[in-house]
Amino acid sequence: MDKQALRERQLDLAQQVRIPQSSRQDLALNPGDWVFTTDVQYQGDIGAVAVDVLRWPKEPVGTVIKTYEVTVPYAPGFFAFREGPLLINALEDIAREFNRYPKVIITDGHGTNHPRQFGLACWLGVTTGYPVIGLAKDTLLPYTGELPPEQGAALPVLLDEKVVGHALRTRKNVKPVFVSAGHKVSQGIALETVKQLMGQYRNIEPMRRADQAARQAFRG
DNA sequence: GCGACAG
DNA sequence: ATCTTGTCGC
Ligand SMILES: [Mg+2]
């Protein structure tokens with residue numbers, strides 16, 4: 001598939017994305033709910049997927065590591081087609097081996113903060129039906145305004161006057177991360193959920209663990 | 001045309 | 001993302 005065909009595929013699938021407008025249909029996390037956070041490390045054509053499992057709001061349960069072959073090259077704006085299938089594999093393996101299913105998933109990559117409002121978190125949500133939140137360290141779209149230096153400060157990211165995500169300062173005086181809804185969660189709840197997972201570092205706690213674990217897969 | 005880009 | 005340990009600075 002060429003770029004234009006992939007763009008059309010994204011625009012088509014984007015029709016299936018559901019971002020709740022009323023709190024009635026929004027994500028509601030209760031104590032003990034399962035939250036999965038994913039990250040992937042790449043080495044050649046191998047991808048090591050790490051899935052951090054936690055019970056809301058703060059109890060780390062463990063991290064699962066799985067490796068799969070990677071067949072799709074990276075291209076900005078089309079990241080979902082590369083990383084998405086690996087995440088599906090990992091979720092299927094976890095379901096089979098541990099009989100465990102997430103209430104929400106947090107991905108290392110954007111949701112609606114995307115030129116066609118269809119980043120990795122949207123793709124994963126539409127593909128699986130799970131609520132998904134996108135979390136990335138850089139943004140393709142600009143945010144305007146002066147982001148206060150304090151931890152917890154946030155500013156919206158706009159696309160055609162629509163809020164498609166937020167810049168969130170997870171640590172004082174450090175470059176923000178970017179939070180956006182992927183599927184079945186509002187921008188506001190996505191932001192609040194990530195805020196509650198902030199720790200001492202720029203990366204939220206579960207993403208740090210996933211990053212660390214995936215990295216570990218290629219060492220010893 | 002320039003620039004610049006999730007992982 | 002990867003190549004990669006110690007070192008510099010807030
Ligand atoms: Mg990553």
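Quick caveat: nothing in here was measured; it's all calculated off a predicted structure. Both backbone and side-chain heavy atoms feed into the values below; hydrogens, waters and symmetry mates do not. All chains are named by letter (A, B, ...) in the order of the sequence lines, taking the proteins before the strands, and each is independently numbered beginning at 1.
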Which atom pairs link the protein and nucleotides 2-6 of chain C when you take only N or O atoms and keep those under 3.5 Å?
from	atom 1	to	atom 2	distance (Å)
dT2(C)	OP1	Gln41(A)	OE1	2.2
dT2(C)	OP2	Gln41(A)	OE1	3.2

Taking every non-hydrogen atom, the tightest pair across Ala95(A) and Tyr101(A) | CB-CE2, 3.5 Å
Would you grab the first and last nucleotide of DNA chain B (5' to 3') that comes under 4.0 Å of any non-hydrogen atom in chain A?
-> dC5(B) to dG7(B)
Qualifying salt bridge (Lys or Arg N to Asp or Glu O under 4.0 Å) pairs with a residue from residues 11-30 of chain A, counting only residues at least two apart or across chains | Arg9(A)-Asp12(A)
With a non-hydrogen cut-off below 4.0 angstrom, is Gly134(A) in contact with a base, only sugar-phosphate, or nothing?
-> nothing
With Phe36(A), which residues qualify under ring-ring contact (aromatic ring centres under 6.0 Å, His included), at least two apart?
-> none
On a heavy-atom basis, the closest approach of Val51(A) and Ala90(A) is CG2-CB, 4.2 Å
Within the side chain of Gln151(A), is there an N or O that forms a donor-acceptor pair under 3.5 Å with the backbone of Thr170(A)?
-> yes
Under 4.0 Å between any heavy atoms, over every strand shown, what does Phe78(A) touch: base, sugar-phosphate, or nothing? Just pick one.
-> base
Looking only at atom types and distance, does a side-chain atom of Arg202(A) sit under 3.5 Å from a main-chain N or O of Lys175(A), one as donor and one as acceptor?
-> yes
Can you hop from Trp56(A) to Val194(A) via hydrophobic side chains spaced under 4.5 Å?
-> yes
So what's the dot-bracket for DNA chain C: Watson-Crick or G-U pairs under 3.5 Å, [ ] if a pair crosses, | if it pairs off-strand?
-> ..........
For Lys103(A), all residues meeting side chain to side chain contact (heavy atoms under 4.5 Å, CB included), sequence neighbours excluded = Leu27(A), Leu29(A), Asn30(A), Asp33(A)
Name each donor-acceptor pair under 3.5 Å that joins a side chain in residues 120-132 of chain A to protein atoms two or more places apart or in another chain, with its distance.
from	atom 1	to	atom 2	distance (Å)
Thr127(A)	OG1	Trp123(A)	O	2.7
Thr128(A)	OG1	Leu124(A)	O	2.7
Thr128(A)	OG1	Tyr130(A)	N	3.1

Check whether more than 12 heavy atoms from other residues, nucleotides or ligands sit under 6.0 Å from atom CD of Glu59(A), and answer yes or no.
-> yes
side-chain contact (heavy atoms from CB on, under 4.5 Å), paired with Val40(A), selected from Glu83(A), Arg82(A), Lys66(A) | Glu83(A)
Over all atoms of both residues, closest heavy-atom pair of Leu147(A) and Arg169(A) = O-NH2, 2.7 Å
Do you reckon Leu158(A) sits in the same ILVMFWY cluster as Val177(A), going by side-chain contacts under 4.5 Å, direct or chained?
-> no
Whether over 12 other heavy atoms sit under 6.0 Å from Gln4(A) CD = yes
Ion pair present between Asp52(A) and Arg208(A), side-chain N to carboxylate O less than 4.0 angstrom?
-> no
Please report the closest heavy-atom contact between Ala50(A) and Thr63(A), naming both atoms and the distance.
-> CB-CG2, 4.2 Å
Got a donor-acceptor contact below 3.5 angstrom from the Gln187(A) side chain to the Ala181(A) backbone?
-> yes
Per the under-4.0 Å heavy-atom filter, residues of residues 112-130 of chain A near DNA chain B come out as His114(A), Gly119(A), Leu120(A)
Is atom CD of Glu97(A) surrounded by more than 12 heavy atoms (other residues, nucleotides or ligands) closer than 6.0 Å?
-> yes
Taking N or O atoms only and anything under 3.5 Å, show me the protein contacts with nucleotides 7-10 of chain C, one pair per line.
none

When the ring planes of Phe178(A) and Tyr143(A) are compared, do they come out parallel, tilted or perpendicular, using 30° and 60° as the limits?
-> tilted
Mind listing the closest non-hydrogen atom pair of Lys137(A) and Asn203(A) along with its distance?
-> CE-OD1, 3.6 Å
Under a 3.5 Å cut-off on both pairing distances, which runs of 3 or more consecutive Watson-Crick or G-U pairs involve DNA chain B?
-> none
Please list, by residue number, the residues of residues 196-208 of chain A whose heavy atoms come closer than 4.0 Å to an atom of DNA chain B; answer none if no residue qualifies.
-> none
Expected output: side-chain Gln21(A) to main-chain Ile19(A) donor-acceptor under 3.5 Å = yes
Under 4.0 Å from any atom of DNA chain B, heavy atoms only: list the residues of residues 138-169 of chain A that qualify, in numerical order.
-> Asp138(A), Leu140(A)
Measure from the side-chain N and O atoms of Thr112(A) to the backbone N and O of Val164(A), and report whether any donor-acceptor pair falls under 3.5 Å.
-> yes
